[in-house]
Visitor: 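Attaching a single structure in structure tokens format; questions to follow.
Because the structure is a prediction, the values reported are computed rather than measured.
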Amino acid sequence: MPRPWAYHLAVLAGFLALAATACGGGDGGGGGDGGDIQQEATEVGALLDRIEGLPTSATTEQEFLRQLDAIRTEVQAAIEEVADADAPEELEAERDRLANRLRSLRTQLGRLQGIAESGDLEAAQAAIERLLAVGEIRRTIENIQAGAPG
């Protein structure tokens, strides 16, 4: 009964060949599951826009805390996505810098949440304007966009 075995082996070999083709070659062109650093930087920029708009989009303490919690979750995901992003060699340091600055932002947002939970919504809203990590992250995004090859 070697025929069924040979058939399954041929199907497996075909599947492996198809999977290897779908993964792409080793030309360094990116596009893996980690995402492209430029795309990740653009998405982080949009997240920063939401953070900066939080004082006007959330006018009650409950809404502020709800939106802040969602943003903190997104920042955590962005840290992982940026750290795993494909980057050309000349942008690897900027990719790592962006991930580290996002970690700093995560910490600052945790402190901001503590202020909001203490019942001082106005102080929490005002503190958003003073988040140091936001400006640093924006500069890093600019560096990534400016240094993008091709």
Side-chain angles (χ1 to χ4, degrees), residues 11-150:
V11 170
L12 179 61
F15 175 75
L16 291 176
L18 181 62
T21 303
C23 290
D27 64 356
D33 286 343
D36 175 72
I37 189 59
Q38 293 173 323
Q39 179 61 36
E40 296 299 336
T42 299
E43 291 174 14
V44 169
L47 182 57
L48 295 180
D49 292 342
R50 288 187 45 221
I51 291 169
E52 291 175 326
L54 192 56
T56 56
S57 67
T59 56
T60 67
E61 182 179 330
Q62 294 79 16
E63 183 61 20
F64 186 88
L65 286 169
R66 188 189 67 73
Q67 287 186 33
L68 182 59
D69 187 53
I71 288 171
R72 288 184 68 204
T73 300
E74 290 179 46
V75 168
Q76 180 60 42
I79 291 168
E80 295 165 13
E81 290 167 4
V82 166
D84 291 341
D86 294 329
E89 188 174 329
E90 63 271 13
L91 291 179
E92 288 177 354
E94 290 298 326
R95 177 198 56 208
D96 296 344
R97 188 171 292 117
L98 181 57
N100 286 332
R101 289 181 172 167
L102 283 167
R103 288 180 187 96
S104 176
L105 178 62
R106 177 184 57 196
T107 300
Q108 291 174 10
L109 290 174
R111 292 180 186 141
L112 185 66
Q113 184 172 2
I115 294 169
E117 287 174 346
S118 74
D120 196 347
L121 179 60
E122 288 181 21
Q125 290 173 323
I128 288 177
E129 295 176 16
R130 296 186 304 273
L131 290 174
L132 296 176
V134 171
E136 294 172 344
I137 291 170
R138 287 212 186 270
R139 283 188 293 281
T140 304
I141 290 171
E142 289 171 8
N143 291 342
I144 289 170
Q145 299 299 343

Visitor: Once you round to the nearest 0.5 Å, how far does CG of Leu65 lie from CD of Glu61?
Guide: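 Leu65 atom CG to Glu61 atom CD measures 5.5 Å (nearest 0.5 Å).
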Visitor: For Ile115 and Ala124, work out which heavy atoms get closest and say how close.
Guide: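 It is CG2-N, 3.6 Å.
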Visitor: Assess the residue pair Leu105 and Leu48 against the criterion (side-chain contact (heavy atoms from CB on, under 4.5 Å)); give the C-alpha distance rounded to whole Å, side-chain angles, the decisive distance to 0.1 Å, and a yes or no.
Guide: CA-CA 10 Å; Leu105 178 62; Leu48 295 180; 4.0 Å; yes
Visitor: Which heavy atom of Ile51 sits nearest a heavy atom of Ile128, and at what distance?
Guide: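 For Ile51 versus Ile128, the nearest heavy atoms are O-CG2, 3.4 Å.
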Visitor: Nearest 0.5 Å, please: how far is CD1 in Ile37 from CG in Asp84?
Guide: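 Here the interatomic distance stands at 10.5 Å.
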Visitor: Are any of the side-chain nitrogens in Glu142 or Arg139 under 4.0 Å away from the carboxylate oxygens of its partner?
Guide: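 Not counted as a salt bridge, because no side-chain N and carboxylate O are separated by less than 4.0 Å.
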Visitor: Going through the checks in order, is the side-chain contact (heavy atoms from CB on, under 4.5 Å) test met by Leu131 and Leu109?
Guide: CA-CA 8 Å; Leu131 290 174; Leu109 290 174; 4.0 Å; yes
Visitor: Have a look at Ser57 and tell me which of Arg50, Gln67, Glu52, Glu63 forms a side-chain hydrogen bond (donor to acceptor under 3.5 Å, both in side chains) with it.
Guide: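 Result: among Arg50, Gln67, Glu52, Glu63, Gln67 is the only option passing the side-chain hydrogen bond (donor to acceptor under 3.5 Å, both in side chains) with Ser57.
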Visitor: Rounded to the nearest 0.5 Å, what's the gap from CD1 on Ile137 to CG on Leu102? Could you check?
Guide: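 Answer rounded to 0.5 Å: 4.5 Å.
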Visitor: Output yes when a side-chain donor or acceptor of Gln145 lies under 3.5 Å from a complementary backbone atom of Gln38, and no otherwise.
Guide: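 The answer is yes, because a donor-acceptor pair under 3.5 Å joins these two groups.
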Visitor: Quick one: pull up CD in Glu40 and CG in Leu47 and give me the separation to the nearest 0.5 Å.
Guide: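 Rounded to the nearest 0.5 Å, the CD-CG separation comes out at 11.5 Å.
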Visitor: Is it the case that Thr59 and Gln125 place a side-chain donor and acceptor less than 3.5 Å from each other?
Guide: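 No, no side-chain donor-acceptor pair sits under 3.5 Å.
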Visitor: Checking side-chain hydrogen bond (donor to acceptor under 3.5 Å, both in side chains) against Gln76, which of Arg106, Arg103, Glu81 comes through?
Guide: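 For Gln76, the side-chain hydrogen bond (donor to acceptor under 3.5 Å, both in side chains) check succeeds only for Arg106.
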Visitor: Which pair of non-hydrogen atoms, one from Leu121 and one from Thr60, has the smallest distance, and what is that distance?
Guide: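 Minimum heavy-atom contact is CD2-C, 3.6 Å.
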Visitor: Backbone N or O of Ala133 within a donor-acceptor pair of the Gln108 side chain at under 3.5 Å?
Guide: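 Yes, because the side chain of Gln108 sits within donor-acceptor range (under 3.5 Å) of the backbone of Ala133.
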Visitor: How many angstroms lie between atom CG of Leu132 and atom CZ of Arg130, to the nearest 0.5 angstrom?
Guide: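 Here the rounded value is 10.0 Å.
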Visitor: Hey, are Thr140 and Arg101 close enough side-chain-wise for a donor-acceptor pair under 3.5 Å?
Guide: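 Side-chain D/A pair, Arg101 to Thr140: present.
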Visitor: Nearest 0.5 angstrom please: Ile71 CD1 to Leu112 CG, how far?
Guide: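 Taking CD1 in Ile71 and CG in Leu112, the distance rounds to 9.5 Å.
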Visitor: Between the side chain of Arg95 and the main-chain N/O of Ala85, is any donor-acceptor distance below 3.5 Å?
Guide: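 At least one qualifying donor-acceptor pair exists.
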Visitor: With sequence neighbours left out, what residues match Ser118 under side-chain hydrogen bond (donor to acceptor under 3.5 Å, both in side chains)?
Guide: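 Once residues adjacent in sequence are excluded, Ser118 has no partner under the side-chain hydrogen bond (donor to acceptor under 3.5 Å, both in side chains) criterion.
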Visitor: Return yes when atom CZ of Arg111 has more than 12 non-hydrogen atoms of other residues, nucleotides or ligands closer than 6.0 Å, and no otherwise.
Guide: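 No, not enclosed.
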Visitor: Determine whether the side chains of Ser104 and Glu136 contain a donor N or O and an acceptor N or O closer than 3.5 Å.
Guide: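 No - no donor-acceptor pair under 3.5 Å links their side chains.
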Visitor: If you compare all heavy atoms of Ala78 against all heavy atoms of Val44, which two are closest, and at what distance to 0.1 Å?
Guide: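 Result for this residue pair: CB-CG2, 4.2 Å.
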